Structure formats: structure tokens, C-alpha cells
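Note that the coordinates shown come from a computational prediction; the quantities given were computed from them, not determined experimentally. Heavy atoms only: backbone and side chains are in, while hydrogens, waters and symmetry mates are out.
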Amino acid sequence: MSERRGNPFGLFVLGFIVGVLATFGTILFLTSSGGGYEDGPAETRTAADNAAAAAMAAKSNQPPPPRVETTAPAPETPAVPSVRQTGPAPELDPQVADDAAAAGMTSRTR
């Protein structure tokens with residue numbers, strides 16, 4: 001007679017599910033302190049917090065500085081206008097042209 005064995009994949013899935021539930025239960029148990037966010041500890045204030053609050057209160061009591069109206073200066077025209085080449089392209093050194101062609105840097109518009 002042959003002995004029938006269980007499917008180990010099923011036991012693996014069952015173990016995974018039990019592990020996940022145990023992890024969530026542990027996290028829930030450790031983080032439940034009996035109170036919510038409203039019942040948390042009182043805010044701890046330091047001397048730096050008090051100094052910052054006093055500085056903000058003193059700053060808000062001062063009147064705003066007088067407003068000075070300024071106008072933008074007129075844009076200056078450049079002394080030398082840009083020169084645009086209208087003639088044919090200058091001849092290249094044959095070595096540079098060969099290197100550009102080998103690297104795939106040739107113009108495809110021609």
C-alpha cells in the first residue's frame with residue numbers, strides 16, 4: 001500500500017497567512033496604548049519655541065515698510081547686432097568630414 005502525503009504548497013500558504021495575521025496582531029497589540037491621537041502627551045515646549053513665538057509676535061506688531069514704486073529700465077539694444085551667415089557653408093577639412101560621417105553626425109536635410 002502506498003502512503004498518501006499532503007500537498008506541501010498548501011501548508012506553505014497556510015503558514016504564510018498565519019504569519020501575516022500574527023504579525024498584524026502583534027503590531028496592533030504593541031501600538032494600542034488605550035488612547036487616540038487626542039489623548040496623546042501634552043506638547044513639550046522648549047526655550048527655542050518660546051523665543052520663536054516672541055519674535056513672530058514682535059514682528060507682527062511693526063508697521064509694514066513704506067512701499068517704493070520703481071519702474072523697470074528700458075531694455076538696451078546690443079551694440080553689435082548678430083551676424084547671420086547667408087552664403088554657402090564653408091568647406092570642411094576632409095578628415096573632419098570623414099570622422100563626422102563615421103560617427104553618424106552628417107546632415108540629413110540635403
Peer 1: Just one of Leu14, Val18, Val20 clears the side-chain contact (heavy atoms from CB on, under 4.5 Å) bar with Phe16, so which one?
Peer 2: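 Only one option passes, and that is Val20.
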Peer 1: Please tabulate, for side-chain N and O atoms in residues 23-30, each donor-acceptor pair with protein atoms closer than 3.5 Å (sequence neighbours left out).
Peer 2:
{"unit_1": "Thr23", "atom_1": "OG1", "unit_2": "Gly19", "atom_2": "O", "d": "2.8"}
{"unit_1": "Thr26", "atom_1": "OG1", "unit_2": "Ala22", "atom_2": "O", "d": "2.8"}

Peer 1: Check whether any side-chain N or O of Asp49 sits under 3.5 Å from a backbone N or O of Thr46 as a donor-acceptor pair, and report yes or no.
Peer 2: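 Flag set: sc Asp49 to bb Thr46 pair under 3.5 Å.
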Peer 1: Donor-acceptor pairs under 3.5 angstrom involving side-chain atoms of residues 65-73: please list them, not counting sequence neighbours.
Peer 2:
none

Peer 1: Which ILVMFWY residues are connected to Phe9, directly or by a chain of links, through side-chain heavy atoms under 4.5 Å apart?
Peer 2: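 Val13, Ile17, Leu21, which link up through side-chain heavy atoms under 4.5 Å apart, make up the rest of the cluster.
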